[in-house]
Amino acid sequence: MTAIRLPTAQPPDSVLGARPDVTESAAAYRATGGYRSAVGPDELLRHLDASGLRGRGGAGFPAAVKLRAVREAGGREGAVREGGGVPVVVANGEEGEPGSVKDRWLLRARPHLVLDGLAHAAAMTGAVRGYVYLSDPEAGARVRRALAEHPPPLPVEVVETGRTYVAGEESAVVRRIDGGPALPTAKPPRPFERGVGGAPTLVSNVETLARIALTAARPGLRLRIARSTLVTLSGGSGTPLLTEIPYGVPLRTLAAAHGTPDAAGALMGGLFGGLVDARGLDLPLEPGALAAAGTALGCGAIRLLAVGACPVTAAAEAVGHLAAESARQCGVCVTGTAAVHGALRALATGTAGPQTLANLTRWAGALPGRGACGLLDAAAGTAGSLLRAFPERISSHLGAACRACATDLPAEDGPGRLAVAVPEVADAPSARIAPTMPPVLPALKGTP
Ligand code: SF4
């Protein structure tokens, strides 16, 4: 079971909220300032710009830049004539990263916070219709109930899809809402230019929308809201954990809270941020510092390596998952992810020689950017980070079996161990659950 840990204080500007174990009603949301805006759409956009809020789906693109691009594309002369026209907004809660639970938890626990953010996004872009896109039936039921409880100011439809690694990629989102398969398309055009039904479309992660709603209600706390993030911790020797942290908390602090203080490293950003070694635990969890160290927070999913775990197995397992999830549309992805996976398994089983290592090194440099989505980049990036962070471990695997790999490496086609269960969210308050969530992490801090 996945636990939820609250920070030492639960300020009203936290996404986790005071009762993350219960679905929040419209009345409870209103009681904490929800569905009220202290500023108009133009001013809110300026606050988001000034706060530097970044998207929380994985790529970390500045939220205000994306909002403005959709608004401008909608207002562009001739847009309606070209079959595009009035913008569309989409709350993207399809969480394809196997180690992440925060988006499904958010839709189950705080659907009003997301729908409020979607309405603000519509106001800022000029959109007149919206969608909530998800793959979790339980989240879908809670969102539909929330829509009935507090009808939004624009028509909002819930669109469900199957859960895959690529279904949440923004062009796949557009394709699925338009009635096609949830598979990425070649870009350009990007959804902000031509999205759902040909209209300029904002596809925004649900945590990003939640932070937009919090900023609208409390613009004075914009920096604190923009510089905090939900994190899912798994792997290591503890129970999976969902929490919210201010940027800058060292990964080591989180690892200790998780029960793996002496982790041997971590797989960062879901399958997007690559591997870091034990020294990486001293990195502050903040986008700039992580980028400088060659890694990323991505969707906030971090898988810790337990003491004695082998990073080669971790990389092989991650790339094995990616190879199985390839949408098989781009030839280079089909052959590339399979080849990288094969090389990593050869390393793990002690059957790799210098040529395998040379191939892996070449692919890590040559494959990124060649697929229609980020899956191939994630596979190549994982291999590259393994080579950079653990060179001595790679050398010891050449032609020699690794004992840790022999124990840990799953069967080629066996079930993956990367999936994390979504924390339980009750329908109604229960006094039983709250006391089991001890505060263990620093309070959310920051200057407004
Ligand atoms: S890169 Fe891979 S997963 Fe992405 S669209 Fe191409 S084939 Fe599909």
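Start at 1 and go down the list; that is how both ligands and their atoms are numbered. Hydrogens, waters and symmetry mates play no part in the numbers below; they use all other heavy atoms, side chains included.
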Below 2.8 Å, any N, O or S contact between C330 and atom 6 (Fe) of ligand 1? yes
Is atom 4 (Fe) of ligand 1 less than 2.8 Å from at least one N/O/S atom of C373? yes
With a 4.0 Å heavy-atom cut-off (strictly under), which part of E325 contacts ligand 1: side chain, backbone, both or neither? neither
Using only atom types and a distance under 3.5 Å, with no angle test, would you say the side chain of E94 pairs donor to acceptor with the backbone of G168? yes
Backbone of V132 reached by a side-chain donor or acceptor of E157 within 3.5 Å: no
Take a 6.0 Å sphere around CZ of F272 and say whether it holds more than 12 heavy atoms from other residues, nucleotides or ligands. no
Check: R56 side chain, R54 main-chain N or O, donor-acceptor pair, under 3.5 Å: yes
Side chain R393, main chain V312, donor-acceptor under 3.5 Å: no
When you look for heavy atoms under 4.0 Å from ligand 1, do you find them on the side chain of A327, its backbone, both, or neither? both
Which option, C333, A379, A186, owns the non-hydrogen atom nearest atom 2 (Fe) of ligand 1? C333
May I ask you to list the atoms of ligand 1 that are less than 4.0 angstrom from any heavy atom of L375? 3 (S)
Do the charged groups of E97 and K102 touch, with an N to O distance under 4.0 Å? no
Test salt bridge (charged side-chain N to carboxylate O under 4.0 Å, His left out), reference D136, set R142, R104, R108, output is R108
Would you mind listing which atoms of ligand 1 come within a distance below 4.0 Å of any non-hydrogen atom of G371? 1 (S)
Within a distance under 4.0 Å of any heavy atom of A372, pick out the atoms of ligand 1 and give their elements. 1 (S), 5 (S), 6 (Fe)
What are the atoms of ligand 1, with element, lying closer than 4.0 Å to any heavy atom of V166? 3 (S)
How far is atom 5 (S) of ligand 1 from the closest protein heavy atom, and which atom is that? Q329 NE2, 3.4 Å
